[in-house]
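Beneath this line is the structure, given in structure tokens, with notes to follow.
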Amino acid sequence: MNASAPTTAETLRSTLGRLLDGLPPKQASAAVERLIASYRGQTPTDAPVLRDRSDVVAYAAYRMPATFEAVRAALDGLAQAAPDWVPGSHVDVGGGTGAATWAVDATWDGPRETTVLDWAEPALALGKELAAASASPALRSAGWRRAVIGSGLALPDADLVTVSYVLGELTAQARTAVVAEAARAGRAVVLIEPGTPEGYLRIREAREQLIAAGLRVAAPCPHDGTCPIEVGQDWCHFSARVSRSSLHRQVKGGSLAYEDEKFSYVAAARFPVEPVPARITRRPQIRKGLVLLDLCGPPEAGAGPGTGLTRATVTKRHGALYKAARDADWGRQWPPAE
């Protein structure tokens with residue numbers, strides 16, 4: 001694990017802040033609002049959404065911190081399941097300005113060969129510029145290559161392949177092809193999508209594809225079995241706390257210094273991993289003298305759908321476990337590691 005993770009996040013935020021110095025606030029806000037509308041499903045998959053530098057600067061300042069925190073949380077799940085594993089190479093598919101590469105750098109120390117693939121040249125150019133401002137050798141030496149993300153994608157073999165906030169922009173056929181190629185090329189694969197019912201369904205479908213390709217689920221699931229959630233009744237997602245920039249507050253309104261990024265993810269690997277015994281799937285509910293924890297754990301052998309989902313009631317009589325429950329976070333393992 002990387003002890004300099006907070007420094008990495010702070011460096012990214014300050015570097016993004018400097019980018020906005022020369023961009024008029026109204027122009028930045030207008031670009032963000034248009035790009036958000038495009039990313040909500042109105043963008044053809046044969047053309048990049050980010051058209052020029054002003055688009056890329058505005059959207060990077062607005063979205064990159066949230067993507068960074070979501071990807072970092074997903075990578076933490078993989079790192080927890082494989083504590084002795086460190087990727088020596090990383091390919092980021094559809095990486096744009098490189099938020100996932102920064103998240104990888106915040107998760108693991110050591111030298112690393114990094115390649116970012118995207119079809120938007122302005123995004124790649126800005127990503128390279130941002131990486132050059134980092135003190136990390138892995139970020140500064142990263143390769144930035146233009147590639148069409150779709151059915152014809154060919155990836156170099158890598159220890160780690162990440163695909164974050166990309167699958168929702170693709171057709172069903174292209175999604176299947178990209179996940180298949182990620183599974184072929186990567187020893188470990190981490191996929192992240194928005195924490196919406198639709199994003200969860202894309203992750204659920206990709207999870208089944210990764211398992212069929214021979215990978216083992218490392219996180220967030222405690223098992224490789226069928227997801228116990230009944231489609232249409234609920235969805236699996238998590239939350240990452242994100243510091244809000246002035247551009248966030250300007251576009252969204254409000255005065256809070258933070259917001260919560262909801263995301264769904266799956267991390268899988270071709271090497272041995274140790275998933276958590278159970279994972280907290282909702283914010284713990286703290287009541288007087290007790291804590292309610294919604295958990296996902298391994299289903300019982302031969303049991304039907306939904307049997308891996310349970311609710312644990314932890315009371316004061318549980319002693320130290322009760323204190324741990326009061327301090328527990330959504331997305332963490334249960335019981336806590338000793």
Side-chain angles (χ1 to χ4, degrees), residues 1-10 65-66 68-86 103 106-109 190 192 195 200 203 217-225 227-229 233-244 256-267 272-300 303 306-338:
M1 298 291 286
N2 191 344
S4 66
T7 302
T8 302
E10 291 162 7
F68 168 85
E69 294 294 353
V71 177
R72 183 169 66 167
L75 295 175
D76 281 346
L78 174 59
Q80 183 180 13
D84 297 325
W85 178 77
V86 176
T107 306
W108 290 285
D109 286 315
V190 180
I192 304 98
Y200 157 69
I203 290 295
V217 175
C221 320
H223 59 85
D224 287 335
C227 177
I229 294 175
Q233 298 301 310
D234 202 354
W235 70 99
C236 179
H237 65 294
F238 302 95
S239 180
R241 181 61 53 91
V242 184
S243 296
R244 300 178 76 193
L256 288 178
Y258 64 87
E259 65 180 5
D260 292 323
E261 172 74 4
K262 306 296 197 306
F263 64 98
S264 295
Y265 80 98
V266 62
V273 293
E274 296 183 9
V276 298
R279 193 171 299 276
I280 302 170
T281 59
R282 287 289 184 273
R283 294 192 190 281
Q285 300 179 46
I286 300 177
R287 303 284 188 265
K288 185 176 181 179
L290 61 85
V291 181
L292 301 176
L293 300 175
D294 290 315
L295 304 173
C296 179
E300 297 178 8
T307 56
L309 302 176
T310 59
R311 171 168 284 187
T313 301
V314 187
T315 66
K316 286 184 176 180
R317 65 183 177 84
H318 289 99
L321 204 59
Y322 171 69
K323 182 180 185 302
R326 289 184 61 87
D327 294 336
D329 289 329
W330 180 9
R332 297 300 181 185
Q333 78 168 64
W334 188 260
E338 295 182 358

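Note that the numbering runs from 1 along the sequence shown for the chain. Just the heavy atoms: all of them, side chains too, but no hydrogens, waters or symmetry mates, feed the values below.
Cys227 contributes atom SG, which lies 11.5 Å from atom CD1 of Ile203 (distance to the nearest 0.5 angstrom). The distance from atom NZ of Lys288 to atom OG1 of Thr315, rounded to the nearest 0.5 Å, is 14.5 Å. Atom CG of residue Asp294 and atom CZ of residue Arg283 lie 13.0 Å apart, to the nearest 0.5 angstrom.
Panel note: side chain Arg279, backbone Pro220; a donor-acceptor pair is recorded below 3.5 Å. Not one N or O on the side chain of Ser239 forms a donor-acceptor pair closer than 3.5 Å with the backbone of Asp260.
Partners of Cys296 under the side chain to side chain contact (heavy atoms under 4.5 Å, CB included) rule, at least two apart in sequence or in another chain, are Pro222, His223, Pro228, Thr281, Leu309. Not counting sequence neighbours, the partners of Gln333 by the side-chain hydrogen bond (donor to acceptor under 3.5 Å, both in side chains) test are Gln80. Residues satisfying the ring pair (Phe, Tyr, Trp, His ring centres under 6.0 Å) test with Trp235, not counting sequence neighbours, are His237. Shown here are the side chain to side chain contact (heavy atoms under 4.5 Å, CB included) partners of Pro284, two or more places apart in sequence or in another chain: Ile280, Val291, Leu293, Ala328. In terms of the salt bridge (charged side-chain N to carboxylate O under 4.0 Å, His left out) criterion, Arg287 has no residue partners (sequence neighbours excluded). Qualifying ring pair (Phe, Tyr, Trp, His ring centres under 6.0 Å) partners for Tyr265, counting only residues two or more places apart in sequence or in other chains: Phe238, Phe263. Under the rule for a side-chain hydrogen bond (donor to acceptor under 3.5 Å, both in side chains), the partners of Asp234 that lie at least two apart in sequence or sit in another chain are Arg282.
When all heavy atoms are compared, the tightest approach of Val273 to Pro275 is O-CD, 3.5 Å. Nearest approach of Tyr200 to Cys236, heavy atoms of both residues: CD1-N, 3.5 Å. Among all heavy-atom pairs drawn from Trp334 and Val314, the shortest one is CZ2-CG2, 4.0 Å. Among all heavy-atom pairs drawn from Pro298 and Pro277, the shortest one is CD-O, 3.3 Å.
Within the structure, salt bridge (charged side-chain N to carboxylate O under 4.0 Å, His left out) contacts touching residues 314-326 (residues at least two apart or in different chains) are Lys323-Asp327.
In this structure, Glu274 places its CD atom where only 12 or fewer heavy-atom neighbours from other residues, nucleotides or ligands lie under 6.0 Å away.
Counting heavy atoms from C-beta on, the side chains of Val266 and Val190 never come closer than 4.5 Å.
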